[in-house]
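Quick caveat: nothing in here was measured; it's all calculated off a predicted structure.
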2 protein chains.
Amino acid sequence: MLDLRRLRLLRDLAHLGTIAAVAQAHTYTPSAVSQQLSALEREAGMPLLQRSGRRVTLTPAGELLVHHAEQVLTALERAGAALAAVGTGLTGPLRIGAFPTAVRTLLPAALVALGRDHPGLELMVTELDPAAVPGELRERRLDVGLLHDYDVAPVEPDPALDAMSILEETVYLATPASFTANPIGSVAVASDLPWIVGTPGTLCHTVAMRVCRAAAFTPRVRHHADDFTTVLALVAAGQGVALVPQLAATGPPSGVRLMPLAIQRRTRIAYRQGSATHPAVAASISAIRTSAKAYLGAASAY
Amino acid sequence: MLDLRRLRLLRDLAHLGTIAAVAQAHTYTPSAVSQQLSALEREAGMPLLQRSGRRVTLTPAGELLVHHAEQVLTALERAGAALAAVGTGLTGPLRIGAFPTAVRTLLPAALVALGRDHPGLELMVTELDPAAVPGELRERRLDVGLLHDYDVAPVEPDPALDAMSILEETVYLATPASFTANPIGSVAVASDLPWIVGTPGTLCHTVAMRVCRAAAFTPRVRHHADDFTTVLALVAAGQGVALVPQLAATGPPSGVRLMPLAIQRRTRIAYRQGSATHPAVAASISAIRTSAKAYLGAASAY
DNA sequence: GGTCGAGCATAAGCTGAGCTTACGCTTGAG
DNA sequence: CTCAAGCGTAAGCTCAGCTTATGCTCGACC
């Protein structure tokens, strides 16, 4: 019988790429992970890993087993959710992860509602980049987390997670109030201005670069900033222009002008596959969706 | 994370009824099982068992978890089957369980075909009562097993197993050749004769009693015998009458007359849920179905 | 009603699986 | 070329999983 902990390690190796990263995620040593995966190979009766330089990669059999491991872990998550539903499912920790703008705008009302309706829940919020949400959910350090992507830069769904749409936002070009241009709904109007974009490697950075390139220019990047409050302050100070999603653009500082673009940012709430029926997960989804609906108006939240 | 071995123990407790029986099935002591199930309760965070006299029964939460445990174990079985399919799936042990008549009539040709087509398989046949097949499959002591029931005494499917029909047989009333009666196709013609039925508790015994009672008489049981070769020999010796399925009635000894009844026996080949795609399981199903078809003619095997 | 064995739970003891530490090899980034 | 990243193997340590020991309750049977 294939061991669950070993299946999890193999699954995580597929996501994280190295035994050392898996070890870190589990607070184990690399040696422990190496030995457990070797034991899994013996259980399976075939090689699941192959040496590739100083790393390991999965054999086709290993990749197949990862897929099946997800099914097993999903079934197990369902078992846990079902138990919680018949027990005292609305008590104990509920760990929510969200990006900074959402923590500031959506979560306060949701937390108030959850605390009022389910006083037994121990609510914990972690502010983190959406890129980190899948790993934290997978390692069970979060129960739900907010993800987003853009229609111009879609992010592939993670097989270990399910997600539910909570928000679709218009992306704006934020310009200093002193900037006057023909409002044509394209970033091309700012092609010769300095830009404020996200840290390289973040989705916000990728999107800004991709949108400008689609408008046939390379942006002159003056500043990098990830928090939109900061971004808008820099815009107001005349430091440049930036792409700003609607949630962050609500109630902008004076000195900023917003021009809507034909670009959408889509926010989802994600949770481990199989955990949708967990009462606490269901309650947090409901509360956050309600909060998003109220925050932006009914038209934006499906 | 719920532990798989503990989930199996809980699942088996649901089937076997006592901790002692589960311990025996796993070659553990009752104390080990008791302690592991207590640990599972702590993992689950709620009672799964309740004391009931000197036994334990499952709480509603325990029963729910058993259901989910089956799903998890099925997913795991699928993982194993998928691995076998990409590896050398047609080598190693293939353990087949069947009732005596099937071992004598169906299995020889199937074994010959399997041995010829897949010489790497290590074929092992165990003769056992169909009532024992589910437990043996569940505990992984068999890979496939033959089950049967009768249309007048259907057996409920086991949630841990899948099955495939291989045979439908007519049941005959076997009488001594010296017995002359109006062939009306009912056991009522033998209501005042002595009967040879199966051991009490077996399905054959249940069926004989039920069929006679439906014909408004209680059979005068003279002999109990489970093997149909023995039953037919007793009938030939004038010791009484018996119900005999087609498979066993093929080529009866001289001195026996067979009258077809409107009763069917249905034989299936069973395997653990999720293991249908295991190459060895699939090969054995195919070989045994082919053998059954050949043995009784195409009309009897669907 | 009494007896005795079935069935279970708890505590203590033993063993080996799962992890860490130590070490050494290969690779690849700079 | 150097050095750190990454991994695998061996030895050592710890504790989870099992057995043994014990005792309690129940229920079958006389």
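For B:His118 (side chain) and B:Gly120 (main-chain N/O), no donor-acceptor pair under 3.5 Å exists by modelled atom type.
The distance between atom OH of B:Tyr28 and atom P of D:dT20, rounded to the nearest whole Å, is 14 Å. Atom CG of B:Leu13 and atom P of C:dA9 are 10 Å apart (whole Å). Remark: C1' of D:dC18 and CD of B:Gln24 are 18 Å apart, rounded to the nearest angstrom. What separates CZ of B:Arg51 from P of C:dA9 is a distance of 5 Å, to the nearest Å. Between the C1' atom of D:dA16 and the CG atom of B:Leu4 lies a distance of 16 Å, rounded to the nearest Å. The interatomic distance linking B:Gln36 (CD) with C:dT10 (P) rounds to 14 Å, in whole Å. Counting to the nearest Å, the P atom of D:dT9 and the CD1 atom of A:Ile19 are 10 Å from each other. Here C:dA17 presents its C1' atom at 11 Å from CD of A:Gln35, a figure rounded to the nearest Å.
No side-chain donor from either of A:His148 and A:Arg268 sits under 3.5 Å from a side-chain acceptor of the other. For B:Thr74 and B:Glu70, the side-chain atoms include no donor-acceptor pair closer than 3.5 Å.
Counting heavy atoms of neighbouring residues, nucleotides and ligands inside a 6.0 Å radius, atom CD of A:Gln24 does not exceed 12 of them.
Looking at A:Ser38, its side chain has no donor and acceptor atom pair within 3.5 Å of the base of D:dT9.
OP1 or OP2 of D:dG6 lies within a sub-4.0 Å distance of a side-chain N or O belonging to A:Arg55. For A:Arg6, a side-chain nitrogen or oxygen approaches OP1 or OP2 of C:dG18 to under 4.0 Å. Contact annotation: A:Thr29 side-chain N/O to C:dT20 OP1/OP2 distance is under 4.0 Å. In this model, the phosphate group of C:dC8 is not approached by any side-chain N or O of B:Ser34 to a distance below 4.0 Å at OP1 or OP2.
Counting non-hydrogen atoms under 4.0 angstrom, B:Thr18 reaches the backbone sugars and phosphates but no base. Using a 4.0 Å heavy-atom criterion, one finds that A:Ala20 contacts the sugar-phosphate atoms exclusively.
Take the nearest nucleotide of DNA chain C for B:Val56 and for A:Pro30: the residue whose nucleotide is more 5' is B:Val56. Take the nearest nucleotide of DNA chain C for A:Leu9 and for A:Ser52: the residue whose nucleotide is more 5' is A:Leu9.
Between B:Glu136 and B:Arg95, none of the side-chain N atoms (NZ, or NE/NH1/NH2) sits under 4.0 Å from a carboxylate O, so this pair counts as no salt bridge.
Of the candidates C:dT26, C:dG5, D:dC18, C:dG5 carries the atom nearest the B:Arg54 side chain, counting heavy atoms from C-beta on.
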